[in-house]
Amino acid sequence: MTRPATPPLLLRAKSRSSVSTRQRALVLGGGGITGIAWELGVLAGLKERGVDLTAADIVIGTSAGSVVGAQITSSTDLEVLYDGQLADPSGEVGARLGLAVGLRYLIYLMLPGSSQDKRRRLGRAALRTTTVPVSERVEIIRERLVRAEWPASKLLVTAVEAETGRFEVFDRNSGVGLVDAVASSCAVPLVWPPVPVNGRSYVDGGVRSATNADLATGADVVVVLAPLSQSLSKSTRVDTQLARLGTQVQSVVVRPDARALKAIGRNVLDPARRADAARAGREQASDVAAEVSAAWRSADED
């Protein structure tokens with residue numbers, strides 16, 4: 001069975017599938033600008049230690065994780081992506097997730113109703129909120145991606161329809177361009193504008209769950225990088241979502257350790273924290289490499 005979380009680093013389920021051809025899933029959670037940096041740091045550090053998570057059969061990206069997912073499936077060298085996080089952040093557009101925004105989130109998400117009702121309230125509030133022009137925001141996302149086309153490998157990008165609260169999963173067969181899909185997944189409500197796609201507007205996939213790890217159906221091994229793993233409901237917690245996949249699934253969840261949390265700081269949308277977050281992620285990889293490697297390589301066993 002899946003063990004209880006071992007904060008702040010790992011959650012494990014040790015049982016393994018008996019299927020001979022084992023599938024590996026990489027789940028990349030939301031976490032803002034610093035989340036992108038930390039995830040790329042962890043990935044680069046793990047690869048340096050012989051564990052290449054970019055070889056996953058399926059990559060699931062939410063918010064910041066959708067950016068990382070699009071980047072690592074673009075065939076770009078991981079070291080190049082990591083080095084990009086160390087660049088001068090002065091040209092990066094940041095924002096602040098302050099107390100006022102957090103309180104509004106709580107109001108919309110804690111009021112009675114179904115999960116979709118709560119997402120709809122927040123999505124509609126986002127539609128009423130004046131932020132930067134959507135074209136400007138989409139262009140920023142375009143610049144972050146190495147390629148504007150969907151990869152040949154399986155990449156899932158999550159979002160929430162603002163008007164209805166409906167959860168959406170985009171892939172290369174969804175009829176939505178990769179840039180629009182990622183921009184939708186990164187559209188933090190009340191901070192960035194909802195992104196119009198095919199006549200509907202979408203907000204951050206993290207409104208449903210910080211990781212959406214339960215999308216890894218069919219995988220035998222699941223590794224989750226979770227810059228943010230808090231949840232207001234038990235059903236959207238990463239351990240609960242992994243448990244839904246079945247006791248046969250072996251899973252590892254990596255969360256920022258104390259050093260990484262200090263590097264990330266309180267505002268995950270602060271570009272000035274990006275380089276430190278990336279370095280902290282790379283350093284943390286040495287502490288989690290053995291655990292991740294054992295799970296990841298078990299997929300090669302008969």
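Computed from a predicted structure; not experimentally measured.
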Distance, nearest 0.5 Å, that separates OH of Tyr202 from CZ of Phe170: 4.5 Å

Sub-4.5 Å side-chain heavy-atom contact between Leu81 and Asp77: no

Which distance, rounded to the nearest 0.5 Å, do you find between the CD1 of Ile60 and the OG1 of Thr211? 9.0 Å

Determine whether Val191 and Leu127 fall in the same hydrophobic cluster, where Ile, Leu, Val, Met, Phe, Trp and Tyr are linked whenever their side-chain heavy atoms lie under 4.5 Å apart. no

Measure the OG-CZ distance between Ser115 and Arg208 for me, rounded to the nearest 0.5 Å. 8.5 Å

Report yes or no: do Trp38 and Gln85 form a side-chain donor-acceptor pair below 3.5 Å? no

I'd like to know whether Arg166 forms a salt bridge (charged side-chain N to carboxylate O under 4.0 Å, His left out) with Glu168, so could you lay out the CA-CA distance, the side-chain angles of the two residues, the decisive distance to 0.1 Å, and finally the verdict. CA-CA 6 Å; Arg166 180 175 58 87; Glu168 184 70 66; 2.7 Å; yes

Could you go step by step and tell me if Gln71 and Thr76 meet the side-chain hydrogen bond (donor to acceptor under 3.5 Å, both in side chains) rule? CA-CA 7 Å; Gln71 290 177 334; Thr76 303; over 6 Å; no

Interatomic distance, CD@Glu39 vs CG@Leu225, rounded to 0.5 Å, equals 5.5 Å

Interatomic spacing from CD in Gln250 to CG in Asp220 - rounded to 0.5 Å: 9.5 Å

Check against salt bridge (charged side-chain N to carboxylate O under 4.0 Å, His left out), Asp300 and Arg24: CA-CA 10 Å; Asp300 298 326; Arg24 293 177 288 200; 3.7 Å; yes

Between Ile33 and Arg144, does the side-chain contact (heavy atoms from CB on, under 4.5 Å) criterion hold? Intermediate values first, please. CA-CA 11 Å; Ile33 290 173; Arg144 285 182 182 163; 3.7 Å; yes

Residues Val253, Asp239; criterion side-chain contact (heavy atoms from CB on, under 4.5 Å); working and verdict: CA-CA 9 Å; Val253 178; Asp239 55 338; over 6 Å; no

Could you check if a side-chain atom of Val134 sits within less than 4.5 angstrom of a side-chain atom of Pro194, using non-hydrogen atoms only? no

Would Thr158 and Thr62 count as having a side-chain donor-acceptor pair, cut-off 3.5 Å? yes

Applying side-chain contact (heavy atoms from CB on, under 4.5 Å), run through Arg274 and Ile36 and close with a yes or a no. CA-CA 8 Å; Arg274 187 180 63 193; Ile36 294 172; over 6 Å; no

Is there a salt bridge (charged side-chain N to carboxylate O under 4.0 Å, His left out) between Arg120 and Asp117? Walk through the geometry before answering. CA-CA 5 Å; Arg120 180 173 63 247; Asp117 289 336; 2.5 Å; yes

Is any side-chain heavy atom of Ile72 less than 4.5 Å from a side-chain heavy atom of Leu78? yes

Which heavy atom in Tyr82 sits nearest to a heavy atom in Leu40, and how many Å separate them? CD1-O, 4.2 Å

Using the rule given for salt bridge (charged side-chain N to carboxylate O under 4.0 Å, His left out), can you reason through Arg124 versus Glu163, listing the C-alpha separation, both sets of side-chain angles and the distance that settles it, and then say yes or no? CA-CA 6 Å; Arg124 289 181 177 180; Glu163 184 65 34; 3.2 Å; yes

Verify the distance criterion only: is there a donor paired with an acceptor across the side chains of Thr236 and Ser231 at less than 3.5 Å? yes

For residues Glu149 and Leu178, report the shortest heavy-atom separation together with the two atoms involved. O-CD2, 3.3 Å

Find the distance between CD1 (Ile141) and OG (Ser66) and round it off to the nearest 0.5 Å. 7.0 Å

Going by atom types only, do Glu161 and Thr164 share a side-chain donor-acceptor pair under 3.5 Å? yes

Donor-acceptor contact present, side-chain Tyr105 to main-chain Leu122, <3.5 Å: no

Could you check whether any side-chain heavy atom of Leu155 comes within less than 4.5 Å of a side-chain heavy atom of Val157, counting everything from C-beta outward? yes

